[in-house]
Amino acid sequence: MSDREGKIGAGLTATTGYDVGYGKPPAHGRFKPGQSGNPRGRPKGAKNKRPRLNEERLKDIILDEAYREITVRDGDRNIAVPMAQTVIRAMSVKAAKGDHRSQRLFAELLASTESASRILHDRWIEGATEYKIEWEKELRRREALGVAGLSEPLPHPDM
């Protein structure tokens, strides 16, 4: 050991009361009792966190990606469109060029989409009709009993 190293080591030992070196940091640089590592680091269990029973992470990821806007070339200009629209557009272009698999898939998607829209429309009409019939019965009942001052239905069935 050189003369200089001995003086530095001796001085630290004398002032701190212990050896300072590899694996022996000075007292002011040590973790406080009850504290360890990076206090603002990764929360406990974050790496192994499982989704809650009602949480569907993959579905959220798929929807985020499907509606993420990307830039595509449309003729002589660039436009931003959702990823799902880009994929359907590419498939429909292939179908128009004669690709049989794309034609079949496009026709199936179109049929299922129109069918789902029709079912939704029919349910809406059915609900509106049911609402109108029920409120007409209630309004006739009120009129027959002479009940007044009750609130009118919103929206009114005759509108």
Side-chain angles (χ1 to χ4, degrees), residues 20-159:
V20 176
Y22 182 77
K24 299 176 202 165
H28 65 83
R30 292 184 178 187
F31 292 121
K32 314 281 183 292
Q35 172 192 354
S36 65
N38 180 0
R40 289 181 302 254
R42 178 176 58 86
K44 288 184 179 181
K47 184 171 73 170
N48 302 326
K49 200 171 192 178
R50 287 188 169 167
R52 292 182 292 271
L53 288 176
N54 62 345
E55 189 178 32
E56 296 178 351
R57 279 199 219 157
L58 186 58
K59 186 185 283 186
D60 292 339
I61 292 169
I62 291 169
L63 290 174
D64 287 345
E65 283 301 309
Y67 296 107
R68 177 174 62 99
E69 289 208 343
I70 62 170
T71 305
V72 294
R73 191 99 178 125
D74 187 23
D76 59 344
R77 62 190 179 121
N78 291 332
I79 58 171
V81 293
M83 177 68 79
Q85 184 177 349
T86 305
V87 170
I88 297 299
R89 180 179 287 189
M91 182 180 56
S92 62
V93 167
K94 281 183 73 175
K97 289 182 178 180
D99 183 57
H100 295 292
R101 292 179 71 187
S102 296
Q103 289 172 342
R104 186 176 65 246
L105 182 58
F106 187 78
E108 289 171 2
L109 282 172
L110 183 60
S112 66
T113 303
E114 288 179 346
S115 175
S117 293
R118 182 67 189 173
I119 289 169
L120 195 61
H121 179 265
D122 290 347
R123 285 183 185 162
W124 187 86
I125 292 293
E126 185 178 309
T129 305
E130 217 173 273
Y131 178 85
K132 180 173 173 57
I133 291 169
E134 291 300 316
W135 269 107
E136 283 177 346
K137 284 181 192 175
E138 175 62 16
L139 292 174
R140 280 196 304 274
R141 185 188 71 81
R142 288 180 185 180
E143 189 178 323
L145 295 174
V147 177
L150 295 177
S151 63
E152 291 288 316
L154 293 174
H156 198 280
D158 291 336
M159 296 184 156

Holding to side-chain hydrogen bond (donor to acceptor under 3.5 Å, both in side chains), I want the full list of residues that pass it with K59, two or more places apart in sequence or in another chain.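 With sequence neighbours excluded, K59 shows a side-chain hydrogen bond (donor to acceptor under 3.5 Å, both in side chains) to E56, given in chain and number order.
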Taking only residues two or more places apart in sequence, or in another chain, which ones meet R123 in a side-chain hydrogen bond (donor to acceptor under 3.5 Å, both in side chains)?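 Once residues adjacent in sequence are excluded, R123 has no partner under the side-chain hydrogen bond (donor to acceptor under 3.5 Å, both in side chains) criterion.
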Any salt bridge (charged side-chain N to carboxylate O under 4.0 Å, His left out) involving residues 104-121? Give me the pairs, sequence neighbours left out, ordered by first then second residue. R118-D122
Spacing of [X] atom [atom1] and [Y] atom [atom2] [to the nearest 0.5 Å]:
X    : Y    : atom1 : atom2 : result
Q85  : I70  : CD    : CD1   : 10.0 Å
E143 : L139 : CD    : CG    : 8.5 Å
I62  : R57  : CD1   : CZ    : 14.0 Å
K94  : Q103 : NZ    : CD    : 11.0 Å
L120 : I125 : CG    : CD1   : 11.0 Å
E65  : M83  : CD    : CE    : 6.0 Å

Any donor-acceptor pair under 3.5 Å linking the side chain of S115 with the backbone of A111?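 Between the backbone of A111 and the side chain of S115 there is no qualifying donor-acceptor contact (under 3.5 Å).
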Are any side-chain N or O atoms of T86 and backbone N or O atoms of P82, one a donor and one an acceptor, separated by less than 3.5 Å?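 Checked: pair present.
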Heavy-atom side-chain proximity of [X] to [Y] below 4.5 angstrom:
X    : Y   : value
V81  : V72 : yes
R77  : D74 : yes
L109 : I88 : yes

Could you report the tightest heavy-atom contact between [X] and [Y], atom names first, then the distance?
X    : Y    : result
Y131 : L154 : OH-O, 2.9 Å
S151 : R142 : O-NH1, 2.9 Å
V147 : L150 : CG1-CD1, 3.4 Å
S92  : F106 : CB-CE1, 3.7 Å

